[in-house]
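Take a look at the structure below.
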Amino acid sequence: TINREIGLLRNIIKHNMDTDKLTIKKVPWYKKKSEPSRTEHLLKDEYLKLKEYFLLRNPYYWKIISFTQNTGLRYPNEINGLQWNDYHEDKNFMIIRNRKGRKNSEKIWSIPIVGTSKQILMDLKNRENISTSPSDYIFVDDWGKRILNISRSFKKGVRECGIEKRLSMYSLRHTYTTRMITTRPDIPLKLLAESLGHTSVTMIEKHYGHLRPTDLVKYFQKSENKKQEIIK
């Protein structure tokens, strides 16, 4: 964040220099702060450690973490904005209205809600004394209160679980993407990009292209297995 803010400040200064509104002759130089890899993700054993940790200390927080990891949604903006009228339970999908950089788009963004993510929503919906009318937010705790950011608690959990990685809630999005690419090669990249809110597969290829050779092996191995079954 600080790199982006300083970059914006430099552009403002340069603009004022170009329009003769400032007398300085050179844009101030600064050394960029190092940033953690945006593709850092959780391995299965690390994920299970966090699950045990949060189920013991705060099961509601784990629902947020698990839902984020199983849908690839951005936290907190996309998760916190979800309301019950966005969830189409009968058709197993959810409308996402707060897509980053897509607020003025006429396109209706949606994600599939199946498996674990669906079970989480059912658990939240079936709680007693918690309103689930169409305009109510989905992610409220067991007292009906919205917790707008659990990032600090997540990082604390990572530390206390002995996971030596610079992880954030955004890492769950990368965990989702990595898992889908490496274990679900049957899902086309175009559909995966759609679920992430991208208009093309460019971002996936840029950050996860190194994982694709493994997928090719899986495809060919699957085909070879079918071939051997036919021969037998």
Side-chain angles (χ1 to χ4, degrees), residues 38 40-44 46-100 102 108-128 130-158 161 163 167-181 183-184 187 191-198:
R38 290 176 65 82
E40 192 79 273
H41 64 279
L42 284 163
L43 299 178
K44 184 176 181 179
E46 295 168 339
Y47 184 76
L48 293 177
K49 284 182 181 179
L50 281 176
K51 180 179 181 179
E52 182 179 1
Y53 174 90
F54 278 101
L55 286 180
L56 180 64
R57 290 164 176 78
N58 196 320
Y60 170 66
Y61 279 15
W62 179 250
K63 283 183 169 56
I64 297 175
I65 294 168
S66 182
F67 190 82
T68 303
Q69 193 274 151
N70 279 281
T71 60
L73 291 178
R74 295 178 179 87
Y75 184 86
N77 294 346
E78 292 177 352
I79 295 289
N80 283 346
L82 297 176
Q83 298 177 334
W84 285 110
N85 59 4
D86 297 323
Y87 178 40
H88 297 259
E89 182 180 350
D90 57 330
K91 297 182 179 179
N92 294 322
F93 75 91
M94 174 171 280
I95 300 296
I96 309 301
R97 305 184 186 279
N98 296 318
R99 280 296 193 191
K100 181 180 178 181
R102 309 281 186 250
I108 298 177
W109 295 89
S110 64
I111 60 167
I113 298 296
V114 296
T116 301
S117 56
K118 184 172 184 176
Q119 184 59 54
I120 290 171
L121 293 187
M122 289 300 94
D123 291 344
L124 292 174
K125 191 173 185 179
N126 292 331
R127 292 178 297 178
E128 295 183 0
I130 299 296
S131 176
T132 57
S133 62
S135 61
D136 285 323
Y137 288 104
I138 291 177
F139 283 96
V140 298
D141 64 16
D142 293 343
W143 292 269
K145 180 181 178 181
R146 295 177 73 200
I147 309 297
L148 297 181
N149 203 317
I150 66 168
S151 295
R152 291 180 63 181
S153 295
F154 176 78
K155 290 181 179 181
K156 179 181 178 182
V158 169
C161 286
I163 301 173
L167 297 169
S168 66
M169 286 293 289
Y170 198 86
S171 303
L172 298 172
R173 179 173 168 87
H174 294 303
T175 301
Y176 164 81
T177 308
T178 301
R179 177 171 57 83
M180 295 299 285
I181 289 176
T183 66
R184 298 295 303 273
I187 297 179
L191 295 182
L192 178 57
E194 177 86 10
S195 74
L196 291 167
H198 298 317

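- Residues T68 and Y176 are not in side-chain contact: their nearest non-hydrogen atoms beyond the backbone lie 4.5 Å or more apart.
- Using a 4.5 Å cut-off on side-chain heavy atoms (C-beta onward), L82 and L73 make contact.
- Here the side chains of C161 and Y47 are not in contact, with every heavy-atom distance at 4.5 Å or above.
- A donor-acceptor pair under 3.5 Å is formed between the side chain of R173 and the backbone N or O of L196.
- Residues R74 and H198 come closest through the heavy atom pair NH2-CE1, 3.9 Å.
- Contact of the I138 side chain with the D86 side chain is not registered, since no non-hydrogen atoms from C-beta on lie closer than 4.5 Å.
- Side chain of Y75 to main chain of S151: no donor-acceptor pair is present (N/O by atom type, distance under 3.5 Å, no hydrogens or angles).
- With rounding to the nearest 0.5 angstrom, the CG atom of N85 is 10.0 Å from the CD1 atom of I95.
- In this structure, the side chains of V140 and R127 come closer than 4.5 Å at one or more pairs of heavy atoms.
- Taking CD1 of I187 as the start and CE of M180 as the end, the distance is 3.5 Å to the nearest 0.5 Å.
- If you take CD1 on I113 and NZ on K91, they are separated by 15.0 Å, rounding to the nearest 0.5 Å.
- Side-chain N or O atoms of T183 include one that pairs as donor or acceptor with a backbone N or O of R179 at under 3.5 Å.
- Residues I130 and D142 have side chains not in contact (no heavy-atom distance under 4.5 Å, counting atoms from C-beta outward).
- The distance from atom CG of N80 to atom CG of L148, rounded to the nearest 0.5 Å, is 5.5 Å.
- A side-chain donor-acceptor contact under 3.5 Å links T175 to the backbone of L42.
- Contact annotation: the side chain of K145 never approaches that of Y60 to less than 4.5 Å [non-hydrogen atoms, C-beta and beyond].
- Few gaps surround CZ on R146; more than 12 heavy atoms of other groups in view lie less than 6.0 Å from it.
- Of the possible donor and acceptor atoms, one in the side chain of S195 sits under 3.5 Å from a partner among the backbone N and O of L192.
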- request: Could you please spell out the steps behind the side chain to side chain contact (heavy atoms under 4.5 Å, CB included) verdict for I147 and F139?
  value: CA-CA 8 Å; I147 309 297; F139 283 96; over 6 Å; no

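- A parallel orientation is assigned to the rings of F154 and F54, their planes being inclined by less than 30° (bins at 30° and 60°).
- Rounding to the nearest 0.5 Å gives a distance of 12.5 Å between CZ of F93 and NZ of K118.
- Remark: the backbone N or O of G144 is not paired with any side-chain donor or acceptor of Y137 at under 3.5 angstrom.
- Residues M169 and I65 form a side-chain contact, since some pair of their non-hydrogen atoms from C-beta on lies under 4.5 Å apart.
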- prompt: So S153 and N58, side chain to side chain contact (heavy atoms under 4.5 Å, CB included) or not? Walk me through it.
  reply: CA-CA 10 Å; S153 295; N58 196 320; over 6 Å; no

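- The distance from atom OG of S117 to atom CD1 of I111, rounded to the nearest 0.5 Å, is 7.0 Å.
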